[in-house]
J.: 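This is the structure, below, for whatever I ask next.
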Amino acid sequence: MSQVQDYPSSLSDPTSRKLGTFSYLPPMTDDELRRQVEYIIEKGWTPAIEHSEPENAHMYFWYMWKLPMFGETDVDRVLAEAEACHKAHPNNHVRLIGYDNYAQSQGAAMTIYRATPR
């Protein structure tokens, strides 16, 4: 029988909270993040960047960084906006969204930068 890994997380400790499936994995490398953006663009989804304070990250609504990047096909532009958001808000988590226009839903959503601890 395999051992189950426990990931301690609590509302009282914002640094311990998990923020979606990818948050249980090690942080993405630059290449892995690039592949995620490539996937979003290849699917024809609209990339968008959002950010939130760690204590509010469990809420449904995060702050939008600019407008969604409608029709954007340049991976480097999406990555540059994500990095600009992180630099402007180092104490916030930053996530990448891929909006699926056809299904009218999020096709992808992942936290790509965690807040810099204070």
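All residue numbers refer to positions in the sequence shown, counting from 1.
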J.: Closer than 4.0 angstrom, basic N to acidic O: yes or no for Asp30 and Arg34?
T.: no
J.: I want to check something: taking the side chain as every heavy atom from C-beta on, are Val37 and Tyr39 in contact at a cut-off of under 4.5 Å?
T.: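 Answer no - side chains too far apart.
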J.: Do Glu53 and Tyr63 meet the criterion of a side-chain donor-acceptor pair at a distance under 3.5 Å?
T.: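 There is such a pair between these side chains.
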J.: SG/Cys85 to OH/Tyr113 distance, rounded to the nearest 0.5 angstrom?
T.: 9.5 Å
J.: Let me confirm one number: the CE-CD distance from Met64 to Glu50, rounded to the nearest 0.5 Å.
T.: 5.0 Å
J.: Show the nearest heavy-atom pair for residues Gly98 and Ile40, with the distance to one decimal.
T.: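 The pair with the smallest heavy-atom distance is CA-CG2, 3.9 Å.
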J.: Is there a chain of hydrophobic side chains (I, L, V, M, F, W, Y, each step under 4.5 Å between heavy atoms) that links Trp45 to Trp62?
T.: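 No: no chain of side-chain contacts under 4.5 Å links Trp45 to Trp62.
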J.: Which atoms form the tightest heavy-atom contact between Glu32 and Pro27, and what is the distance?
T.: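 The answer is OE1-O, 4.2 Å.
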J.: Partners of His51 by side chain to side chain donor-acceptor pair (under 3.5 Å), sequence neighbours excluded?
T.: Asn92
J.: If hydrophobic clusters are built from ILVMFWY residues whose side chains come within less than 4.5 Å, do Met69 and Ile97 share one?
T.: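 No, it is not one cluster - the side chains of Met69 and Ile97 are not joined through contacts under 4.5 Å.
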J.: Under 3.5 Å, is there a donor-acceptor pair linking the side chains of Glu81 and Trp65?
T.: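 Their side chains do contain a donor-acceptor pair, which is all the 3.5 Å distance test asks for.
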J.: Between atom CG of Leu67 and atom CD1 of Ile49, what is the distance when rounded to the nearest 0.5 Å?
T.: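 Going from the CG atom of Leu67 to the CD1 atom of Ile49 covers 12.5 Å.
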J.: If you measure from CG on Leu96 to CG on Leu33, what distance do you get to the nearest 0.5 Å?
T.: 7.0 Å
J.: In Å and rounded to the nearest 0.5 Å, what is the CG to CG distance from Leu79 to Asp74?
T.: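 Leu79 CG to Asp74 CG: 9.0 Å, rounded to 0.5 Å.
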J.: First locate atom OG of Ser52, then atom CZ of Arg95, and finally report the distance between them rounded to the nearest 0.5 Å.
T.: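 With rounding to 0.5 Å, OG (Ser52) is 8.0 Å from CZ (Arg95).
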J.: Side-chain contact, heavy-atom cut-off 4.5 Å: Ile41 with Lys43?
T.: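 Contact flag for Ile41/Lys43 side chains = no.
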J.: Should Val75 and Met28 be counted in the same cluster of Ile, Leu, Val, Met, Phe, Trp and Tyr side chains packed under 4.5 Å apart?
T.: yes
J.: What pair of heavy atoms forms the shortest contact from Val94 to Ala82, and how long is it?
T.: CG1-O, 4.3 Å
